[in-house]
Amino acid sequence: MNGKFRKISKKDLLIGLDRIINDGRKLAALTRKGEKVLYDYVTKSDEILMQYIPTVLSPKKFFLPQDEVILEYTTKGKVTAKIEAESMVLFGIKPCDLHGIKILDEAFAESNGDPNYLAKREKSLIIGLDCSRLCDEKAFCYKVNAQNITTGCDFMLHNTGIDFAVTVYTEKGAEQLDKYFQTEIKSENILDDFNQAKAAAFSKFGTFKQLKQLPEIFENNKNHSVWQTEGDKCLSCGSCILVCPTCYCFDVADEMALNLKKGERIRRWDACMLNSFAVVAGNDNFREEPKDRLKHRINRKFNYLMKKHGESVCVGCGRCVRACLVNISPKTIAETITGELSTGG
Amino acid sequence: MNSNNKLNIKPKDENLYLPEKATITKIKNFTDKELFFELELQNNKPLGHIPGQFIQLSILGIGEAPISISSPPGADNKFEICVRAVGDVTNKLHSFNVGDEIFIRGPFGHGFDDSIIQKMYRKHILFIAGGIGYVPLRSLINKVLKEPELYEKISILYGCKTPDEIMYKEEIAEVAEMGKNIEFLKTVDHGDENWTGNTGVITTLIPQVKFNPLNTIAIIAGPPVMYKFVLISLINKGMPKSNIYMSLERRMKCGVGKCGHCKMEGIYVCKEGPVFNYADIENNEEVL
Ligand SMILES: Cc1cc2nc3c(=O)[nH]c(=O)nc-3n(C[C@H](O)[C@H](O)[C@H](O)COP(=O)(O)OP(=O)(O)OC[C@H]3O[C@@H](n4cnc5c(N)ncnc54)[C@H](O)[C@@H]3O)c2cc1C
Ligand code: SF4
Ligand code: FES
């Protein structure tokens, strides 16, 4: 912003976050619940973890909840649309997850926008927290360059060790930053050191060699043996899909209240890795075997949807790799198909 | 400021998932499993569909099911469907009576739009419907039959498993009598004692129709297994793939390109289909 750089001290950051909570807004951040580290609502800033530890579920759950009522009705035939959207701040979202949110934004805003997702999204402020190094050995964001993603947040913080450098991306971000946080304007580029350290930490990791060509390569490898070998391992449990920040398929079901006078139409996460996903009347299943379903899922990430969004739809967060009981990994599959694995790249 | 962050995420005014009320105004018994329904929209507006499109039919407390609109586009607020009872929603609908209310969303999908209709003029139109596949084609069939002079010839091939499964019996009998440039051929896989017509699968009717493959547009709908055999037989006759249209069925939940159920590789059948030109999807491995 006009060659000027903004920074915020750790103390002022926490004060600002508490102000948000005291303003009656929901604040979600990385936090600890018992043994678990997860994104959840917090009631005080000191519950927030600044050091990222990979979470099982991604922040998609805030915009596309696992179960969501979309209609309410009475047996008399009165139907109303239900949209639950509260003013919400998501703090500490990592570049890979920001990329995931951007993909979901595009998918749900497309043509006839999804009312429930968009309402939640419109009422949210997203504060990014940049990564300075790879979070664990299962993450492979660098393969798709997702560690350098900034789109999807309103402003981003970069932890310089002493304080946080701030990059503002949206008007909403600028306005909310000023509203809640005490920042300082610097003339020297305080981001330089952070960026250098980050570049050094990621220097030994490169992208897929043919990142841009992945859709074409996947398109031409529908019969590659990797689908069979990896598909044979797959237990069709669907865990990979639940944890994925960019899987957004859903099922819709009607449920009646116990008094049978009222009911709800609910949408809930569904998984194309489950056997029943593409079954139609007459029990014809369009993706009968695990290998067909795996091929579909991975092609959505690196081919079908990548073509549409212009970027890899797998953000390399590594969640599915951590969740998979039989070690199936999009990275390994992509490397096998591109030939990087066998050539030691 | 980074322009990449300028995605428009403003919610639209209309809610995609909110259905509208319709009243059942007529019910006819076609077969053991299939009923015909006439529905009337309570908002008094025409449905505004084109042939080949579908609605999401809701029964509150049970769920939704994609159902083809089987009447041609009309000026009033009535339209027709034909539903086979196979599960929760469809069986419940079968228990309803005239005067009962249901809910619908739509019309949805890419149907036989103007550009396809233009392409059909002055051509021989060959409809090939297997079983309940007659229903999604009926809207177009009846539109074409209203002005048969616009087409060189109209051939309708209709195959069912048994004679009891034939739907729209009276209507079909009338069409068969229309003469002029219209022919209607039926077949059943297994006849009964009263059946004197063709027996055999639908592909056995194809050699009975005289057509110039280059001047014929084929339009196909039926159960998943049927497409492959019909396509082989048309292509062997020399029909260009771009002369073949098909209406496909996939599992659908949202009907509006969000839930992912209907995906055929990268294609959303609910939005880009259910009507496709075969040339556009021949390389898609999940079509057949
Ligand atoms: C574009 C389109 C047009 C259709 N038009 C007609 C029509 O005009 N008349 C008609 O009778 N049927 C039509 N169908 C099929 C109809 O949608 C299904 O039979 C119906 O959804 C089953 O719903 P149910 O609740 O009764 O069954 P369920 O209790 O949900 O399930 C019964 C069986 O149907 C399968 N099934 C469930 N949901 C779907 C679904 N959404 N799509 C396909 N199969 C499903 C299940 O796997 C199961 O085998 C059409 C389908 C599509 C996609
Ligand atoms: S496919 Fe796996 S690694 Fe890629 S974004 Fe989804 S969960 Fe993360
Ligand atoms: S039916 Fe939901 S995406 Fe097509």
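Below, each value reflects all heavy atoms present in this structure, side chains not excepted, and no hydrogens, waters or symmetry copies. For clarity, every value in this text was computed on a predicted model and none was experimentally measured. Naming: A, B, ... by sequence-line order, numbering from 1 per chain.
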Handout entry: Top of B:Gly266, B:Cys262, B:Cys259 for chain A proximity - count of heavy-atom pairs under 4.5 angstrom
Key = B:Cys259
Handout entry: Toward chain A, the part of B:Leu288 with a non-hydrogen atom under 4.5 Å
Key = neither
Problem - Side-chain donor/acceptor of B:Lys263 to backbone N/O of A:Cys272, under 3.5 Å - result: no
Practice task
Could you tell me whether a side-chain N or O of B:His261 sits under 3.5 Å from a main-chain N or O of A:Phe250, the two making a donor and an acceptor?
Solution key: yes
Practice task
State, with a plain yes or no, whether a side-chain heavy atom of A:Arg267 is found less than 4.5 Å away from one of B:Lys253.
Solution key: no
Handout entry: Heavy-atom contact with chain A under 4.5 Å, split by part of B:Leu16
Key = both
Completion exercise
Checked A:Arg300, A:Glu255, A:Lys82, A:Glu219 vs chain B; the most non-hydrogen pairs under 4.5 Å come from A:Arg300
Practice task
Flag yes if more than 12 heavy atoms outside B:Phe229 fall under 6.0 Å of its CZ atom; otherwise flag no.
Solution key: no
Exercise for the section: Sort out for me which of B:Ile132, B:Leu18, B:Leu60 touches chain A most, counting heavy-atom pairs under 4.5 Å. Expected result: B:Leu60
Handout entry: Option in A:Asn116, A:Ile70, A:Asn112 with maximal non-hydrogen atom pairs under 4.5 Å from chain B
Key = A:Asn112
Practice task
Please state whether the side chain, the backbone, both or neither of A:Tyr117 comes within less than 4.5 Å of a heavy atom of chain B.
Solution key: neither
Handout entry: Part of A:Lys262 lying under 4.5 Å from any heavy atom of chain B
Key = neither
Practice task
Let me know if A:Ala253 has heavy atoms under 4.5 Å from chain B in its side chain, its backbone, both or neither.
Solution key: neither
Handout entry: Chi angles and distances behind the side-chain contact (heavy atoms from CB on, under 4.5 Å) call for B:Ile62, A:Asp254
Key = CA-CA 5 Å; B:Ile62 311 284; A:Asp254 278 35; 5.6 Å; no
Handout entry: Side chain / backbone / both / neither for A:Thr167 at chain B, heavy atoms under 4.5 Å
Key = neither
Handout entry: Region of B:Thr90 in contact with chain A, defined by heavy-atom distances below 4.5 Å
Key = neither
Fill in the blank from the handout: Pair count under 4.5 Å, heavy atoms only, with chain B: among A:Lys307, A:Glu264, A:Lys222, highest is A:Lys222
Fill in the blank from the handout: Minimal heavy-atom distance between A:Cys249 and B:Gly260, with the atoms involved, is SG-CA, 3.6 Å
Handout entry: Region of A:Leu305 that comes under 4.5 Å of a non-hydrogen atom in chain B
Key = side chain
Practice task
Kindly check if the number of other-residue, nucleotide or ligand heavy atoms within 6.0 Å of NZ (B:Lys92) is above 12?
Solution key: no
Practice task
Give a yes or no on whether A:Asn259 atom CG has more than 12 heavy-atom contacts from other residues, nucleotides or ligands under 6.0 Å away.
Solution key: yes
Practice task
Ignoring hydrogens and angles, state whether a donor on the side chain of B:Tyr17 or A:Asp114 is under 3.5 Å from an acceptor on the partner side chain.
Solution key: yes
Handout entry: Region of A:Asp251 that comes under 4.5 Å of a non-hydrogen atom in chain B
Key = both
Problem - Which portion of A:Tyr248 sits near chain B, non-hydrogen atoms under 4.5 angstrom - result: both
Problem - B:Glu265 portion near chain A, given a 4.5 angstrom heavy-atom threshold - result: both
Handout entry: Most chain A-contacting option - heavy-atom pairs closer than 4.5 Å, from B:Ile59, B:Asn283, B:Asn15
Key = B:Asn15
Problem - Flag, side chain of B:Lys21 to backbone of A:Gly77, donor-acceptor distance under 3.5 Å - result: yes
Handout entry: Leading residue by heavy atom contact count with chain A [cutoff under 4.5 Å; candidates B:Gly257, B:Gly87, B:Cys254, B:Ser58]
Key = B:Ser58
Problem - chain A interface, residue from B:Lys271, B:Glu286, B:Met252 that has the most non-hydrogen pairs under 4.5 Å - result: B:Glu286
Handout entry: Spacing of B:Tyr268 atom OH and A:Glu110 atom CD [to the nearest 0.5 Å]
Key = 7.0 Å
Problem - A:Arg265 versus chain B, the contacting section by heavy-atom distance below 4.5 Å - result: side chain
Handout entry: Contact origin within A:Thr80 toward chain B - heavy atom pairs under 4.5 Å
Key = backbone
Practice task
Kindly check if the number of other-residue, nucleotide or ligand heavy atoms within 6.0 Å of CD (A:Glu216) is above 12?
Solution key: no
